[in-house]
There are 4 protein chains.
Amino acid sequence: MSEEPAPRRRQARGERRIAQLLQAAASVFCRTGYAAASTNAIAREAKVSPGTLYQYFPNKEAIAVELGDRLLQEMRDAEGLAFERADLDLPLPELVDAVLEPVIAFNCRNPAFLALMHGSGDVPGRIAEEHEAVHESMLARVDGLIEALAPGLDAGERRRVAAMALGIVKAGLDLVLAAPEGQERDGTVAELKRALVRYLDPLLAPRELGAPRR
Amino acid sequence: MSEEPAPRRRQARGERRIAQLLQAAASVFCRTGYAAASTNAIAREAKVSPGTLYQYFPNKEAIAVELGDRLLQEMRDAEGLAFERADLDLPLPELVDAVLEPVIAFNCRNPAFLALMHGSGDVPGRIAEEHEAVHESMLARVDGLIEALAPGLDAGERRRVAAMALGIVKAGLDLVLAAPEGQERDGTVAELKRALVRYLDPLLAPRELGAPRR
Amino acid sequence: MSEEPAPRRRQARGERRIAQLLQAAASVFCRTGYAAASTNAIAREAKVSPGTLYQYFPNKEAIAVELGDRLLQEMRDAEGLAFERADLDLPLPELVDAVLEPVIAFNCRNPAFLALMHGSGDVPGRIAEEHEAVHESMLARVDGLIEALAPGLDAGERRRVAAMALGIVKAGLDLVLAAPEGQERDGTVAELKRALVRYLDPLLAPRELGAPRR
Amino acid sequence: MSEEPAPRRRQARGERRIAQLLQAAASVFCRTGYAAASTNAIAREAKVSPGTLYQYFPNKEAIAVELGDRLLQEMRDAEGLAFERADLDLPLPELVDAVLEPVIAFNCRNPAFLALMHGSGDVPGRIAEEHEAVHESMLARVDGLIEALAPGLDAGERRRVAAMALGIVKAGLDLVLAAPEGQERDGTVAELKRALVRYLDPLLAPRELGAPRR
DNA sequence: GATGAATGAGGATTCATTCAT
DNA sequence: TATGAATGAATCCTCATTCAT
């Protein structure tokens with residue numbers, strides 16, 4: 001524990017720097033989008049010099065990629081939590097609730113995530129790939145969930161349903177983030193959940209007849 | 001009839017140029033987004049010189065605004081058609097079908113429309129306003145439709161529902177445009193309609209079979 | 001007189017065009033200076049198309065050169081008139097009056113002349129040469145006049161005096177042109193004459209003792 | 001004394017850069033005038049990249065304005081010196097000498113000053129205002145001097161005389177700057193002084209020899 | 001000849017990136 | 001490592017000039 005304190009501290013310092021820079025980048029990307037965000041603006045927001053920024057990232061794209069990676073990881077954790085919580089025997093509204101809650105919370109905490117996911121057009125190659133990867137990963141999760149809920153669906157259809165469900169969630173998250181915090185936002189969250197429930201409900205294999213879900 | 005042939009022909013040429021430039025702009029915006037699209041790239045795509053572009057548009061923003069205006073007009077026409085077709089007495093699936101069909105067709109013909117609507121963060125003032133206005137106008141239409149379908153909803157709730165429905169449509173359109181034309185796309189279109197029907201159905205005033213709804 | 005009417009008329013038309021263009025150029029140069037004057041602006045001012053302008057002048061510089069030439073010729077005529085009128089036996093005030101009057105009148109009619117003469121820095125080569133030539137020619141005239149008035153001066157000194165006198169006249173003309181027409185301008189004209197008289201008076205060989213020159 | 005050496009050195013470097021850029025600008029403006037001077041040319045003359053130029057000046061106009069301001073300040077100092085030296089009891093030739101000497105010296109050191117003052121037509125707004133202000137301020141000084149020398153003149157006449165005197169000085173300075181340094185220039189300087197003395201002498205209140213003028 | 005659309009080199013300006021301190 | 005000045009390629013836009021009609 002007391003071995004090599006310098007390197008560790010150095011590393012720790014580096015990590016702090018990187019976190020600080022990524023936070024600044026998130027903030028600037030949210031405000032202006034990726035294309036219009038200048039590295040100088042990010043450095044300024046992080047209160048470091050442009051040179052320092054380039055000590056930790058080889059270029060602007062790498063910032064976005066790393067930010068995406070980290071957000072994705074956090075998102076996965078949130079999702080993981082979500083899917084852990086997701087007892088498949090729960091009635092659908094509760095299931096949706098359990099899955100969506102951490103996802104919504106995460107996106108409210110990290111609006112940059114959605115910001116980075118949108119505007120898929122105006123980004124250079126590697127980021128677009130990143131998007132693709134993130135999207136694909138989320139899609140796979142949803143796909144898995146749907147497979148569990150509706151085992152009868154064939155793969156092609158399931159994928160379409162998953163994509164649509166994910167689309168609804170993204171659209172709903174946009175609305176949630178746009179709504180002012182408070183009643184308005186809560187109402188929007190409820191609306192999103194309702195939409196998702198209604199969309200998925202007819203897919204469910206009838207589970208227990210006579211027990212109306214809601 | 002034989003009077004002033006030159007001006008007329010000239011005007012026609014000008015219109016053709018403008019159309020050609022806007023088409024090129026649409027294409028470039030789709031590929032790279034507004035912020036990253038360079039006027040030189042647009043001119044190149046239109047196979048004219050930068051100077052020619054600036055003979056018809058005072059600056060880059062004006063191109064996007066004009067393109068947005070034209071697309072919006074076409075979109076409104078499509079919507080108009082859509083809402084004309086929309087017989088409120090139709091069963092919901094048919095109603096959704098009637099409303100969505102022209103909108104989908106329009107967006108397939110003009111993918112730039114969705115491209116311009118996305119990425120609202122990284123655009124300068126006037127275009128953002130455009131976005132806002134276009135979005136608001138579409139929202140108002142949907143709101144009106146929902147008011148007709150579900151007269152019981154209070155205004156606040158209706159607006160939320162309209163926003164959610166519009167969100168679903170946009171998300172669905174993204175999927176539709178991303179799908180390769182053919183079966184895949186048709187299936188996605190069907191999925192979008194299904195999602196919308198399921199979302200809206202519970203809002204409808206319960207209707208007696210065979211009896212006119214309202 | 002009735003021979004080759006077409007060519008002549010054509011030539012006449014050409015001359016009119018050229019005059020019209022030069023007038024427009026004079027006006028634009030006065031307003032914005034040579035460097036900032038665009039050929040399109042000149043063509044617009046002349047109510048012709050840019051193409052027409054280039055039918056008569058190979059480039060922008062040629063316009064300024066031709067304008068300078070013509071103004072110079074007119075100026076020479078005015079000067080000629082001036083120097084013809086200049087009876088060397090006249091008392092100095094009357095002499096200055098006789099010489100300056102047509103020059104002032106010319107410059108009031110053609111403010112572009114002074115405009116072209118100034119700003120000797122911001123013009124490309126040929127025009128600068130033009131300036132030089134015009135200036136030199138005017139200088140020579142003044143030099144001649146001074147030689148007649150003050151035969152005792154050696155060439156070097158005479159040239160300096162001529163340059164200074166010309167400078168005073170130019171400076172005075174600027175003031176005259178800047179003054180609103182009317183009393184103000186008349187007063188400024190008088191002041192210019194006074195300045196010139198006072199400058200030259202001591203150089204004169206005493207002509208008739210006892211006849212005080214005012 | 002050893003505190004904050006970096007900021008100080010940095011500031012010093014910045015100041016040096018600005019001076020270097022302004023010097024380059026002065027040189028280019030002298031050669032080509034404001035309108036035809038390109039920022040790239042200025043940067044090249046200063047042996048820096050265009051980007052560096054824009055680190056210190058927001059745009060081309062700002063360069064001219066700052067240069068004008070600095071020259072003006074120096075000019076005012078020179079003038080101040082001039083007017084301090086100006087003992088009104090001195091005979092006119094000595095008075096003119098005292099006033100003109102620093103002004104001439106300044107303009108010989110800073111030929112850009114006159115270059116910027118000329119060509120007032122082809123410059124955009126703020127610089128033209130600068131010109132106006134500078135001119136007005138010089139005029140006011142001369143006006144004051146003349147008021148002291150010739151208290152009898154009414155304000156309108158005095159202003160005309162001041163403008164004419166200033167015009168003579170400017171014209172003379174042009175000649176001085178155009179003359180090769182050495183005898184030629186000295187002679188031209190002398191001629192300018194002579195011209196000014198002759199112009200102003202008749203305005204002076206007749207003074208009794210040996211008696212203080214005023 | 002006249003027209004005005006088209007051209008494209010060039011100018012002002014920005015910003016991702018590098019480097020001396 | 002941190003700094004921020006320096007770099008220069010790339011962008012938006014203009015305008016002298018050409019050319020198809």
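Here the structure is a predicted model, which means the values were calculated and not measured.
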> A/R17 side chain N/O closer than 4.0 Å to the phosphate oxygens (OP1, OP2) of F/dT1?
Replying inline: no
>> Counting only side-chain nitrogens and oxygens, does B/S49 get under 4.0 Å of the OP1 or OP2 atom of E/dG8?
In response: no
>> Show me the pairs that pass salt bridge (charged side-chain N to carboxylate O under 4.0 Å, His left out) and involve residues 64-74 of chain D, at least two apart or across chains.
In response: D/E15-D/R70, D/E66-D/R70
Provide, to the nearest angstrom, the distance between the [atom1] atom belonging to [X] and the [atom2] atom belonging to [N].
X     : N      : atom1 : atom2 : answer
C/R16 : E/dG1  : CZ    : P     : 12 Å
D/Y34 : E/dG11 : OH    : P     : 15 Å
A/L21 : F/dT1  : CG    : C1'   : 13 Å
B/I63 : F/dT11 : CD1   : P     : 14 Å
B/F57 : E/dA5  : CZ    : P     : 14 Å
D/Q20 : F/dA5  : CD    : C1'   : 12 Å

> Reading nucleotides 14-19 of chain F 5' to 3', which nucleotides get B (base under 4.0 Å from a protein heavy atom), which S (sugar-phosphate only), which -?
Replying inline: BBBBBB
>> Let me spell it out: for each of B/V48 and C/Q55, pick the nucleotide of DNA chain E with the closest heavy atom. Which residue's pick is nearer the 5' end?
In response: C/Q55
Could you tell me which non-hydrogen atom of [X] sits nearest to which non-hydrogen atom of [Y], and how far apart they are?
X     : Y     : value
C/Y54 : C/N59 : CE2-CA, 3.8 Å
A/G14 : A/Y56 : CA-CE2, 4.0 Å
A/P50 : A/N40 : CB-OD1, 3.7 Å
B/A35 : A/A35 : CB-CB, 3.5 Å

>> Are more than 12 heavy atoms, taken from residues, nucleotides or ligands other than C/E45, located less than 6.0 Å from that residue's CD atom?
In response: yes
>> Can you list everything that forms a side-chain contact (heavy atoms from CB on, under 4.5 Å) with B/A46? Sequence neighbours excluded, please.
In response: B/Q20, B/L21, B/A24, B/V48
> Contact class for A/Y56 vs. all strands (heavy atom < 4.0 Å): base, sugar-phosphate, or nothing?
Replying inline: sugar-phosphate
> With a non-hydrogen cut-off below 4.0 angstrom, is C/R44 in contact with a base, only sugar-phosphate, or nothing?
Replying inline: nothing
> Mind checking what makes side chain to side chain donor-acceptor pair (under 3.5 Å) contact with B/T52, not counting sequence neighbours?
Replying inline: B/S49
> Is there side-chain contact between D/L22 and D/F57, with at least one heavy-atom pair below 4.5 Å?
Replying inline: yes
>> Only Watson-Crick and G-U wobble pairs with both distances less than 3.5 Å should count. Give DNA chain F in dot-bracket notation, marking inter-strand partners with |.
In response: .||||||||||||||||||||
